[in-house]
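Numbered from 1 within each chain, the chains take letters A, B, ... in sequence-line order.
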Amino acid sequence: MRCVRRLYSVSMVRVRIAPSPTGDPHVGTAYIALMNLIFARQREGKFVLRIEDTDRTRFVETSERMIYEALRWLGLEWDEGPDVGGPFAPYRQSERTALYRERAEQLLAAGSAYRCFCTAAELEDMRRRQMAAHLPPRYDRRCRALPPAEAARRAAAGEACVVRLAVPLAGATTFRDELRGEITFEHANVDDQVLLKSDGYPTYHLANVVDDHEMQISDVIRAEEWISSTPKHVLLYQAFGWALPRFWHMPLLRNRDKSKISKRKNPVSLIYYRQAGFLPAALVNFLGLMGGGMPAPSAEAKEVERFTLADMIAQFQFERISLGGPVFDLEKLKWLNGVYLRALSPEEFFRAVRANVVPDEYLRAVCPLVQERIETLAQFFDWADFLFRDEVLPAAEVLIPKQRDLAATRKAMEALAAALESADWNKEALDSALRALADEIGWSAKEVFMLARAILTGKKASPPLLESLVVFGRARSLDRLRRCLAAFR
RNA sequence: GGCGCCAUCGUCUAGCGGCCCAGGACGUCGCCCUCUCAAGGCGAAGAUCGCGGGUUCGAAUCCCGCUGGCGCUACCA
């Protein structure tokens, strides 16, 4: 280990993307990955992929592999990571827990952290009381007064506890954000964050700092939402006596209403973009447009908005980034994608269509849903059309059940969205999710199934709903629901 | 509520003290091309540069205040 590290000079640029495997790969992850990749390539540095799987309650088994596939699909390749290895392996945080525990002990010994035995219920109660008194909800530090020896004894005796950061009671922490300049937080406004959870896993704050240091990350390029927790990270670096990386907080991608981009208001799954037929080069190009960064247009515009990853590596300037949160405008993405589609040769276009809209596996999954319903093969799309369309909209009389009105239907659709988001994507799970939903909103199962059918297929008669949903996929099904919601406002 | 960040057409942005009564792109509208629809070409509407104070001969550009938006405020990242 020691020898390996010496190979890297202190000045070498090393950046990382640190996604958490909690669901579909996110478009925001792609955006930050792109920025990190460009930064590394411009400086002959290394781009690291680290999996932050420290939240076992939100862990999704298939997520890690989907992250790899989605980023590779976009052409955003990393130099080091769990799947490709590297000199600082392991790159999966769940495999580094001993390291975090050791570091937490070190902080405890130095008095920079302390054990806290408060239960979830106590914390909940504390928060409620603070809110009621119009005070900022913060940990009141009651366990900070515990003698360390006693705390250690209770922990050793098996009492559940967490380790919290002992934020200085007075003073302030100032750090430099490379895009914004100096930012200061009074310590009075910084909470004694949990660093090590009672299940032994670290929180983001500890793991992130320890790993960034261990992996010799020189520049932390991450989303703006992290600015307010940066003082905690700086305090940790100082407690360990480590040098600080440079921080670059990128603007947050936004929904139409300017809020942080979210799945309820926008497709955010990279799976969706792939399945809906966006070309990776177009999506990467579009993400490159977010926040500026490319040189100013010259006389002839048009081509200045169209560029490749290589162009970005050659010309992107981080100093040019505009800090206002860019709205992720699907309309413009579609236009750009159209530009890329038209630029394809006939052969490339043919291949893209075959690979994306009628791949064998998809067709094979669709066929059984149709086979017993048709008399000639030409009727295939009479039944399967909805599985190949980008948009399908039911008429109002198809969508809204006989005994219900639009308002109730909209409510049901919202609930359906939530149910589809959290259900496992297989026939049995979807069946019980829909039936549970019916109970919850006081609709008959039949009404709920017909509602879902109308949204998915646009019709009252279709192949079986559950199988159709499974084949069509979560990302696109949710998109269809979202569009229906938007159309029946 | 507290703390922090941000602020140019509906949207993405150009602009970094005079060249700007603000340029380009998406979207919208109109015209042309055309068997249709796209694509393409041409054109139009669209921003008192959030508001108010300064600084300066001169401010979208610098400073301050206000307002607004957003983020964070978890044993989530």
A.B. asks: Using 4.0 Å as the upper bound for N to carboxylate O, is an ion pair formed by E124(A) and R129(A)?
C.D. replies: no
A.B. asks: Roughly how far apart, to the nearest Å, are rU8(B) and rC20(B) at atom C1'?
C.D. replies: 12 Å
A.B. asks: Give, for atom CG of L309(A) and atom CG of L74(A), the distance between the pair rounded to the nearest 0.5 Å.
C.D. replies: 9.0 Å
A.B. asks: Quick one: N285(A) CG to rU13(B) P, roughly how many Å, whole number?
C.D. replies: 14 Å
A.B. asks: Which residue in the set K232(A), R144(A), R164(A) passes salt bridge (Lys or Arg N to Asp or Glu O under 4.0 Å) when paired with D192(A)?
C.D. replies: R144(A)
A.B. asks: If we only count heavy atoms from C-beta on, is the Y273(A) to L330(A) side-chain gap below 4.5 Å?
C.D. replies: yes
A.B. asks: Run the ring-centre check on F318(A) versus F316(A) and record whether the distance is less than 6.0 Å.
C.D. replies: yes
A.B. asks: To the nearest Å, how far apart are Q317(A) CD and rA14(B) P?
C.D. replies: 11 Å
A.B. asks: When rounded to the nearest Å, what value does the distance between C1' atoms of rU28(B) and rU73(B) take?
C.D. replies: 41 Å
A.B. asks: On a whole-Å scale, what distance lies between the C1' atoms belonging to rU61(B) and rC19(B)?
C.D. replies: 14 Å
A.B. asks: State which residues pass side chain to side chain donor-acceptor pair (under 3.5 Å) with K258(A); sequence neighbours excluded, sorted by chain then number.
C.D. replies: none
A.B. asks: Could you measure between the two C1' atoms, the one in rA59(B) and the one in rC49(B), and give it in whole Å?
C.D. replies: 11 Å
A.B. asks: If you pin D257(A) and I183(A) to their nearest nucleotides in RNA chain B, which one's is more 5'?
C.D. replies: I183(A)
A.B. asks: What's the gap between rU36(B) and rG50(B) when it is taken at their P atoms, as a whole Å value?
C.D. replies: 46 Å
A.B. asks: Suppose we define a pair by two distances each less than 3.5 Å, Watson-Crick or G-U wobble; what does rG2(B) pair with here?
C.D. replies: rC72(B)
A.B. asks: Taking any strand in view, what nucleotide pairs with rU28(B) in a Watson-Crick or G-U wobble way, both distances under 3.5 Å?
C.D. replies: rA44(B)
A.B. asks: For Q130(A) and rG2(B), what is the distance between atoms CD and P respectively, to the nearest whole Å?
C.D. replies: 15 Å
A.B. asks: Measuring only the C1' atom in each nucleotide, how far is rC12(B) from rC3(B)? A whole number of Å is fine.
C.D. replies: 30 Å
A.B. asks: Looking at F240(A), Y204(A), F185(A), W242(A), which one forms a ring pair (Phe, Tyr, Trp, His ring centres under 6.0 Å) with H233(A)?
C.D. replies: Y204(A)
A.B. asks: When we call it a touch if two heavy atoms are under 4.0 Å apart, what does M131(A) touch: a base, just sugar-phosphate, or nothing?
C.D. replies: nothing
A.B. asks: If I take atom CG in residue N189(A) and atom P in nucleotide rG1(B), what distance separates them, rounded to the nearest angstrom?
C.D. replies: 15 Å
A.B. asks: Report yes if the distance between the aromatic ring centroids of W73(A) and Y68(A) is under 6.0 Å, otherwise no.
C.D. replies: no
A.B. asks: Mind checking the P distance from rA45(B) to rG23(B)? Whole angstroms is fine.
C.D. replies: 11 Å
A.B. asks: When all nucleic acid strands are considered with a 4.0 Å heavy-atom cut-off, which category describes G338(A): base, sugar-phosphate, or nothing?
C.D. replies: nothing
A.B. asks: For a quick check, with a 4.0 angstrom heavy-atom cut-off, what is the B/S/- contact string for nucleotides 6-11 of chain B, read 5' to 3'?
C.D. replies: S----S
A.B. asks: Rounded to whole Å, how long is the line connecting atom CH2 of W335(A) with atom C1' of rC12(B)?
C.D. replies: 10 Å
A.B. asks: Any side-chain N or O of R320(A) less than 4.0 Å from the OP1 or OP2 oxygen of rC16(B)?
C.D. replies: no
A.B. asks: Take atom CZ of R129(A) and atom P of rG1(B), then tell me their distance rounded to the nearest Å.
C.D. replies: 24 Å
A.B. asks: Strictly by Watson-Crick or wobble contacts shorter than 3.5 Å, is anything paired with rG18(B), and which nucleotide is it?
C.D. replies: rC57(B)
A.B. asks: Can you tell me how far apart CG (D177(A)) and CH2 (W226(A)) are? Round to the nearest 0.5 Å.
C.D. replies: 15.0 Å
A.B. asks: Expressed as a whole number of Å, how far does the P atom of rG24(B) sit from that of rA47(B)?
C.D. replies: 15 Å
A.B. asks: Going by purine N1 to pyrimidine N3 plus the second Watson-Crick contact, or the G-U wobble pair, all under 3.5 Å, which nucleotide sits opposite rG65(B)?
C.D. replies: rC51(B)
A.B. asks: So which protein N/O to nucleotides 73-77 of chain B N/O distances come out below 3.5 Å?
C.D. replies:
{"unit_1": "rU73(B)", "atom_1": "O2'", "unit_2": "P137(A)", "atom_2": "O", "d": "3.2"}
{"unit_1": "rC75(B)", "atom_1": "OP2", "unit_2": "R164(A)", "atom_2": "NH2", "d": "3.4"}
{"unit_1": "rC75(B)", "atom_1": "O2", "unit_2": "S198(A)", "atom_2": "N", "d": "2.8"}
{"unit_1": "rC75(B)", "atom_1": "O2", "unit_2": "S198(A)", "atom_2": "OG", "d": "2.8"}
{"unit_1": "rC75(B)", "atom_1": "N3", "unit_2": "S198(A)", "atom_2": "OG", "d": "2.9"}
{"unit_1": "rC75(B)", "atom_1": "N4", "unit_2": "C118(A)", "atom_2": "O", "d": "3.2"}
{"unit_1": "rC76(B)", "atom_1": "OP2", "unit_2": "K197(A)", "atom_2": "NZ", "d": "3.1"}
{"unit_1": "rC76(B)", "atom_1": "O2'", "unit_2": "D55(A)", "atom_2": "OD2", "d": "2.7"}
{"unit_1": "rC76(B)", "atom_1": "O2'", "unit_2": "R58(A)", "atom_2": "NE", "d": "3.3"}
{"unit_1": "rC76(B)", "atom_1": "O2'", "unit_2": "R58(A)", "atom_2": "NH2", "d": "3.0"}
{"unit_1": "rC76(B)", "atom_1": "O2", "unit_2": "R58(A)", "atom_2": "NH2", "d": "3.4"}
{"unit_1": "rA77(B)", "atom_1": "OP1", "unit_2": "T54(A)", "atom_2": "OG1", "d": "2.9"}
{"unit_1": "rA77(B)", "atom_1": "OP1", "unit_2": "K197(A)", "atom_2": "NZ", "d": "2.7"}
{"unit_1": "rA77(B)", "atom_1": "OP2", "unit_2": "Y204(A)", "atom_2": "N", "d": "3.2"}
{"unit_1": "rA77(B)", "atom_1": "O3'", "unit_2": "E52(A)", "atom_2": "OE1", "d": "3.3"}

A.B. asks: Quick one: E331(A) CD to rG27(B) P, roughly how many Å, whole number?
C.D. replies: 8 Å
A.B. asks: Between R254(A) (CZ) and rG68(B) (C1'), how many Å, whole number?
C.D. replies: 13 Å
A.B. asks: Return yes when atom CZ of F349(A) has more than 12 non-hydrogen atoms of other residues, nucleotides or ligands closer than 6.0 Å, and no otherwise.
C.D. replies: no
A.B. asks: Show your working on side-chain hydrogen bond (donor to acceptor under 3.5 Å, both in side chains) between T173(A) and H187(A) and close with a plain yes or no.
C.D. replies: CA-CA 7 Å; T173(A) 286; H187(A) 290 154; 2.7 Å; yes
